[in-house]
Number of protein chains: 2
Amino acid sequence: MFFRLPMSHKHLVLGLLLDQPMTGYDIRKHVQAVLSAATSTSYGTLYPVLHRLQTEGCVVVQEIPQKGRPPKKIYRITPLGERELTQWLKQPPEADKIRREFLLKLYLARHLPRHELLKLLEQRRAETLAALNTLRTHAKNGKHEPDAWIMDYVTALHKAEIAWLDNVTAGLAEIVRT
Amino acid sequence: MFFRLPMSHKHLVLGLLLDQPMTGYDIRKHVQAVLSAATSTSYGTLYPVLHRLQTEGCVVVQEIPQKGRPPKKIYRITPLGERELTQWLKQPPEADKIRREFLLKLYLARHLPRHELLKLLEQRRAETLAALNTLRTHAKNGKHEPDAWIMDYVTALHKAEIAWLDNVTAGLAEIVRT
DNA sequence: TGGATCATGTAAACAGTTACATGATTAC
DNA sequence: GTAATCATGTAACTGTTTACATGATCCA
């Protein structure tokens with residue numbers, strides 16, 4: 001029942017539980033809200049990881065019955081879990097793992113008519129700009145430092161990407177004119 | 001023998017073969033050299049994908065015997081493969097999939113002594129700067145447009161990240177002084 | 001002399017997503 | 001009234017890495 005489980009989100013979970021006790025549902029929301037630039041999660045990984053951490057003694061559970069819903073399971077980190085987390089935090093981080101289908105298509109899209117290429121660039125620009133505006137909206141919520149760090153990080157990358165997109169697009173226009 | 005194969009690299013392979021016939025080995029090298037900002041590959045995925053594309057009729061193979069080595073298998077894209085590629089290129093790209101363990105550790109590392117936090121930031125800065133310098137060295141090799149696009153992209157992101165890292169580090173110094 | 005490169009491939013382990021199942025409550 | 005949110009969980013599928021197997025040639 002607890003074998004063959006992916007444990008890559010183990011430390012993510014422990015780290016968030018150190019701030020405050022949470023349910024699996026809470027953890028997922030939190031990751032989506034403030035850590036989507038770092039990682040993503042789905043219940044399919046999250047719940048099994050929580051079960052596993054429990055059997056390992058890294059977390060304990062408190063069940064709260066609810067009407068019309070599955071009982072809420074509030075997870076809390078244990079001293080063992082804290083040691084495990086600290087150990088991990090001290091190791092140098094792994095290299096980023098990145099899959100950018102957009103960039104791949106751009107690279108291959110020279111085989112496509114120019115208008116398809118431009119469409120690709122324009123759509124990416126629109127999406128990036130939209131993300132930037134969403135960030136600006138939520139900027140006021142940036143209460144504590146780490147949240148602000150990540151928001152600034154994403155903002156900086158998005159801005160750099162928009163500048164680059166404009167450059168590439170301008171370059172394409174040049175070629176047409178020549 | 002050909003079931004249950006991951007095919008996510010199908011179009012990557014077809015796209016590269018459109019430029020020129022290549023072996024699996026060549027494809028891997030090319031991806032590492034110019035497309036590492038977009039995706040990564042390993043032989044464990046690449047070879048099975050090539051076999052599968054062959055049975056689908058998207059590529060054909062020419063075997064070239066060699067002394068002391070497995071015969072070189074040069075893959076060529078077929079008209080069917082070209083159609084498949086073009087179809088795919090016209091679809092809007094999927095969202096980026098990103099895993100940045102560094103960013104996650106930074107977020108969680110507020111539970112660590114400040115010197116650990118600074119070490120994390122400094123190491124990231126050093127790595128990013130090193131990557132930037134490597135890019136600068138290979139800049140002259142930027143022959144055709146798409147290669148240059150990707151190099152510029154990575155350069156822009158790295159520069160933005162270094163500026164951000166310096167900012168975060170400066171902010172930490174502020175707090176100590178206050 | 002020793003390490004990188006060339007060149008293929010498979011099997012097993014690991015990781016992660018998606019679809020499914022259930023069903024009340026809350027907000028518009 | 002309908003869509004989103006709350007809240008758990010499993011099974012099947014898809015995807016990816018790592019280790020293994022083989023072994024010559026090229027470069028410092």
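Chain identifiers are assigned alphabetically (A, B, ...) following the order of the sequence lines, protein sequences preceding nucleic acid strands; residue numbering begins at 1 within each chain. Every value quoted in this text rests on a predicted model; they were computed, and no experiment measured them. Just the heavy atoms: all of them, side chains too, but no hydrogens, waters or symmetry mates, feed the values below.
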Within this structure, what is the [atom1]-to-[atom2] distance between [X] and [N], rounded to whole angstrom?
X: Gln54(B); N: dT8(C); atom1: CD; atom2: P; answer: 13 Å
X: Gln62(B); N: dT8(C); atom1: CD; atom2: P; answer: 13 Å
X: Leu46(A); N: dT18(C); atom1: CG; atom2: P; answer: 15 Å
X: His51(A); N: dT8(D); atom1: NE2; atom2: P; answer: 10 Å
X: Leu12(B); N: dT16(D); atom1: CG; atom2: P; answer: 11 Å
X: Glu94(A); N: dT18(D); atom1: CD; atom2: C1'; answer: 13 Å
X: Gln66(A); N: dT26(C); atom1: CD; atom2: P; answer: 11 Å
X: Met22(A); N: dA7(D); atom1: CE; atom2: P; answer: 13 Å

[options]: which one has an atom nearest the side-chain heavy atoms of [X]?
X: Arg69(A); options: dT8(C), dG23(C), dT8(D); answer: dG23(C)
X: Tyr25(A); options: dT8(C), dT5(D), dT18(D); answer: dT5(D)
X: Pro48(A); options: dT18(C), dT10(D), dT8(D); answer: dT10(D)
X: Tyr43(B); options: dG23(D), dT16(D), dT8(C); answer: dT8(C)
X: Thr23(B); options: dT8(D), dT8(C), dT17(D); answer: dT8(C)
X: Tyr75(A); options: dA7(D), dG9(D), dT17(C); answer: dG9(D)
X: Tyr47(B); options: dG9(D), dA7(D), dA7(C); answer: dA7(C)
X: Arg99(A); options: dG9(C), dT16(D), dC6(C); answer: dT16(D)
X: Pro70(B); options: dA7(C), dT17(D), dG9(D); answer: dA7(C)

Toward the 5' end of DNA chain C, which comes first, Leu50(B) or Lys29(B), by nearest nucleotide?
->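 Result of the comparison: Lys29(B).
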
Phosphate OP1/OP2 of dT17(C): any Ser40(A) side-chain N/O under 4.0 Å =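 So the side chain of Ser40(A) is within the cut-off, an N or O lying under 4.0 Å from OP1 or OP2 of dT17(C).
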
Distance below 4.0 Å between Lys97(A) side-chain N/O and dA15(C) OP1 or OP2 |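 No, outside the criterion.
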
Side-chain donor-acceptor contact under 3.5 Å, Asp19(A) with His111(B) =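 There is such a pair (donor and acceptor under 3.5 Å, judged by atom type) between the side chains of Asp19(A) and His111(B).
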
Where does the angle between the aromatic ring planes of Tyr43(A) and Tyr25(A) fall among parallel (under 30°), tilted (30 to 60°) and perpendicular (over 60°)?
-> parallel

Trp164(A) ring centre to Lys159(A) NZ or CZ under 6.0 Å, with the angle to the axis within 45°?
->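 Judged by the rule (NZ or CZ under 6.0 Å from the ring centre, within 45° of its axis), Lys159(A) is not positioned above Trp164(A).
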
Find out whether Val49(B) and His11(B) are in side-chain contact, i.e. whether some heavy atom of one side chain is under 4.5 Å from a heavy atom of the other.
->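 No, side chains not in contact.
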
Does any non-hydrogen side-chain atom of Asp152(A) lie less than 4.5 Å from one of Asn167(B)?
-> no

What nucleic acid atoms does Lys67(B) come within less than 4.0 Å of, heavy atoms only: base, sugar-phosphate, or nothing?
->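 Lys67(B): no heavy atom of the nucleic acid under 4.0 Å.
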
Is a side-chain donor or acceptor of Thr78(B) paired with a backbone partner of Cys58(B) at a separation under 3.5 angstrom?
-> yes

